[in-house]
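As structure tokens, the structure follows; a few thoughts come after it.
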Amino acid sequence: MKFPLRTVGLMAFLFLFTAPVQSQFLKKLGKKAKEAAERTVERRVERETSKKTDQTLDSILEPGSKKPEPKSLPHPPNQDDDTLDTDTTNGNGATKNTNNNKANEEPNLEVYSKFDFVPGDTPLFFDDFSNDFIGDFPAKWNTNAGGEVVNFSDSSEKWLELKSGYNIYFIPNSPKLPEDYTIEFDIRTVGVDKKTSSQAYLRVDLSDDDKFKEGQNFVQGHIPLCQYTPIGITAENRINGSREIYSTVEADIRDEILNVPHISIAVNKERFRLWVNETKHIDIPKLVAPNAVLNTLKFHLNNLKEGKERVFLTNIKLNEGGVDLRRKLIAEGKISTNGILFDSGSANIKPESMGIIRQIYQVLQQDSSIKLKIVGHTDADGDDTTNLKLSDARAQSVKKALTDVYGVAANRLTTEGKGELEPIADNTSIEGKTQNRRVEFIKL
């Protein structure tokens, strides 16, 4: 095909004009590819360095054990490795995986050596949603809004996702709250960042209303989710409909909120205390209305961006008691507690257990003649031999915490594991299994 002379001239001009542009474009493309490769190498080095650091810490904190590497979380397309976001998918209603921002490092038990929270010794309620299906609202709970059970790709744990707004979540058939009790739960966040509202918080309510209202008598603890400034933790109450106390305590818990904090609350008659991980932030002697029956535990999430900023709860535990175990051990010569917690299927002690271990240390410190036997028990999940070994390993871990963290002489402590051989409750329910997973301390 022949082209007119004018067309040929125009094509030649365009080629001569665009050639330098194409060259510049290719150079820029090459530069970006080089920069991307450099970033990839940097991230790889950081991951390998972090992995080696974690292995070194594990060898110090948990000698003799090798912790499995956490599974990597899936990322949405076009995201750097350090971007915090969520990718939620349902496959035939069976699974739901969500990214999170949990830190890889396990907290050092020594950090918790002054932790003075002691959980109650009589279980009233426990839920880790293990009996609920992914995507369902949990069977033991009630709400005036939505919510569903989800799981994360880095863990087998199940979590209840709360919805933001005027939504109340509570346990309708939980036992009436006694005078002395403790509450514990874990929080996990996704998408919470420096753009999160200063008014965003998770509210924990103790109320005399057993439905969806605050009630005439209530106590509230506001746990802030804001990241751009430390908001502080607020405690508020109503006594016969009138506010008596509204107090915000200075607290910077921004890092904790991003790294799956454990919340502990102790109510002893009118006294209300609240811990975030190992630190006690609230301790008000007269916050709970005298003679008021606060019979319902509720959760309320406020001022989050729907679909972006997300909050999840699990391991909700309500126990009666929280008394001084030191006096009981000295007076009776024996105590049994399910407040010393371990990682699932492991002998690794969870740091929030250190309040009880600290009290045992104080008894041994007060009377140097006391010697103790530490006895571990498990529930009936798994085979007998495995449970026997696990219970013995857990008893030895408690001994190690007393010797390594508090300096107790090893010859004052003996250990024994009894596995599932001596249950004190039914192993067919979550509550029963919780009671059976316990540690005994016996004076010799």
*In Å and rounded to the nearest 0.5 Å, what is the CD to CG distance from Glu184 to Leu318?*
10.0 Å

*About how many Å separate OG of Ser391 and CZ of Arg437, when rounded to the nearest 0.5 Å?*
13.5 Å

*asked:* When you compare the side chain of Lys269 with that of Val288, does any pair of heavy atoms fall below 4.5 Å?
replied: no

_Contact between Pro224 and Ile233 at the side-chain level, heavy atoms closer than 4.5 Å - yes or no?_
yes

*Donor-acceptor under 3.5 Å (Ser397 side chain, Ala347 main chain)*: yes

*Closest heavy-atom contact between Thr415 and Gln396?*
OG1-CG, 3.6 Å

*Using atom types as modelled and distance alone, determine if a side-chain donor or acceptor of Arg254 lies under 3.5 Å from a backbone N or O of Gln227.*
yes

*Where do Val118 and Thr337 land on the side-chain contact (heavy atoms from CB on, under 4.5 Å) test, with the steps shown first?*
CA-CA 10 Å; Val118 176; Thr337 176; over 6 Å; no

*Does the side chain of Thr314 come under 3.5 Å of the side chain of Glu157 through a donor N or O and an acceptor N or O?*
no

*Taking all atoms of both residues into account, what is the closest heavy-atom pair of Pro290 and Ile239, and its distance?*
CD-CD1, 4.4 Å

*Asn295 side chain vs Leu177 backbone, donor-acceptor pair below 3.5 Å*: no

*Which distance, rounded to the nearest 0.5 Å, do you find between the NE2 of His300 and the CZ of Phe170?*
14.5 Å

*Asp379 side chain to Asn436 backbone, donor-acceptor under 3.5 Å*: no

*asked:* One thing to verify: whether Glu431 and Lys140 come together as a salt bridge, which I'm taking to mean a side-chain N less than 4.0 angstrom from a carboxylate O.
replied: yes

*Which of these passes side chain to side chain contact (heavy atoms under 4.5 Å, CB included) with Lys433: Asn338, Thr428, Asn427?*
Asn427

*Spell out, as yes or no, whether a donor-acceptor pair under 3.5 Å connects the side chain of Asp186 to the backbone of Asn315.*
no

_For Asp128 and Ser130, which I'm curious about, is there any donor-acceptor pair between the side chains at under 3.5 Å?_
yes

*Can you tell if the side chain of Val375 reaches within under 4.5 Å of the side chain of Glu422, non-hydrogen atoms only?*
no

*asked:* Using the salt bridge (Lys or Arg N to Asp or Glu O under 4.0 Å) definition, which of the options Asp205, Asp209, Asp208 pairs with Lys298?
replied: Asp209

_Working note: His262 + Asn277, criterion side-chain hydrogen bond (donor to acceptor under 3.5 Å, both in side chains); need CA distance, chi angles, decisive distance, verdict._
CA-CA 5 Å; His262 183 78; Asn277 289 339; over 6 Å; no

*asked:* What verdict does the side-chain contact (heavy atoms from CB on, under 4.5 Å) test give for Lys286 and Glu244, after you've listed the backbone C-alpha separation in whole Å, the side-chain angles of each residue and the deciding distance to 0.1 Å?
replied: CA-CA 10 Å; Lys286 300 289 184 181; Glu244 298 286 338; over 6 Å; no

*How many angstroms lie between atom CD1 of Ile253 and atom CD1 of Ile223, to the nearest 0.5 angstrom?*
6.5 Å

_Taking the side chain as everything from C-beta on, heavy atoms only, tell me whether Leu402 gets closer than 4.5 Å to Leu372._
no

*What do the steps show when you test Phe312 against Ile187 for side-chain contact (heavy atoms from CB on, under 4.5 Å), and what is the final call?*
CA-CA 6 Å; Phe312 311 82; Ile187 303 173; over 6 Å; no

*For Lys328, does its backbone N or O pair with a side-chain atom of Glu332 as donor and acceptor, under 3.5 Å?*
no

*Please examine the side chains of Met354 and Val405, heavy atoms only from C-beta on, and report whether any two atoms are closer than 4.5 Å.*
yes

*Would you indicate whether the side-chain heavy atoms of Leu160 and Phe185 approach each other to under 4.5 Å?*
no

*Can we say Arg203 and Glu214 salt-bridge, meaning some charged N sits less than 4.0 Å from an Asp/Glu carboxylate O?*
yes

_Straight-line distance of Leu304 CG to Ser197 OG, nearest 0.5 Å_ = 8.0 Å

_Backbone N/O of Ile257 and side chain of Thr189: donor-acceptor pair under 3.5 Å_ = yes

*Give the minimum heavy-atom separation between Phe342 and Lys350, together with the two atoms involved.*
O-CE, 3.7 Å

_Nearest non-hydrogen partners of Asp127 and Ile430, listed with the distance_ = OD1-CD1, 4.4 Å

_I'd like to know if the side chain of Glu440 reaches the main chain of Lys334, judged simply by a donor and an acceptor atom lying under 3.5 Å from each other, with no hydrogens or angles considered._
no

*Does Tyr169 use its side chain to pair, donor to acceptor, with the backbone of Lys163 at less than 3.5 Å?*
yes

*Quick one: CD1 on Ile284 to CD on Glu236, what's the gap to the nearest 0.5 Å?*
11.0 Å

*asked:* Between Leu364 and Arg412, is the side-chain contact (heavy atoms from CB on, under 4.5 Å) condition met? List the steps.
replied: CA-CA 9 Å; Leu364 293 167; Arg412 299 179 65 188; 3.7 Å; yes

*Thr182, Ile282, Ile183 screened by side chain to side chain contact (heavy atoms under 4.5 Å, CB included) with Ile265, the one that passes*: Ile183

_Validation row: Ser198, Tyr228 side chains within 4.5 angstrom (heavy atoms)_ = yes

*Before accepting this row, confirm whether a basic side-chain N of the pair Asp193/Lys308 lies closer than 4.0 Å to the acidic partner's carboxylate O.*
yes

*Determine the interplanar angle of the Trp141 and Phe299 rings, folded into 0 to 90°, and report it as parallel if under 30°, tilted if 30 to 60°, perpendicular if over 60°.*
tilted

*Hey, can you tell me if Tyr406 and Tyr361 have their rings parallel, tilted or perpendicular (30° and 60° cut-offs)?*
parallel

*With sequence neighbours left out, what residues match Thr386 under side chain to side chain contact (heavy atoms under 4.5 Å, CB included)?*
Asp383

*Expected output: side-chain Arg394 to main-chain Ser346 donor-acceptor under 3.5 Å*: yes

_Testing the 3.5 Å rule here: is there a donor-acceptor pair between the side chains of Asn387 and Glu420?_
yes

*Taking only residues two or more places apart in sequence, or in another chain, which ones meet Ala139 in a side chain to side chain contact (heavy atoms under 4.5 Å, CB included)?*
Asp132

*asked:* I want to check something: taking the side chain as every heavy atom from C-beta on, are Phe152 and Val190 in contact at a cut-off of under 4.5 Å?
replied: yes

*Around atom CD of Glu306, are there more than 12 heavy atoms of other residues, nucleotides or ligands at under 6.0 Å?*
yes

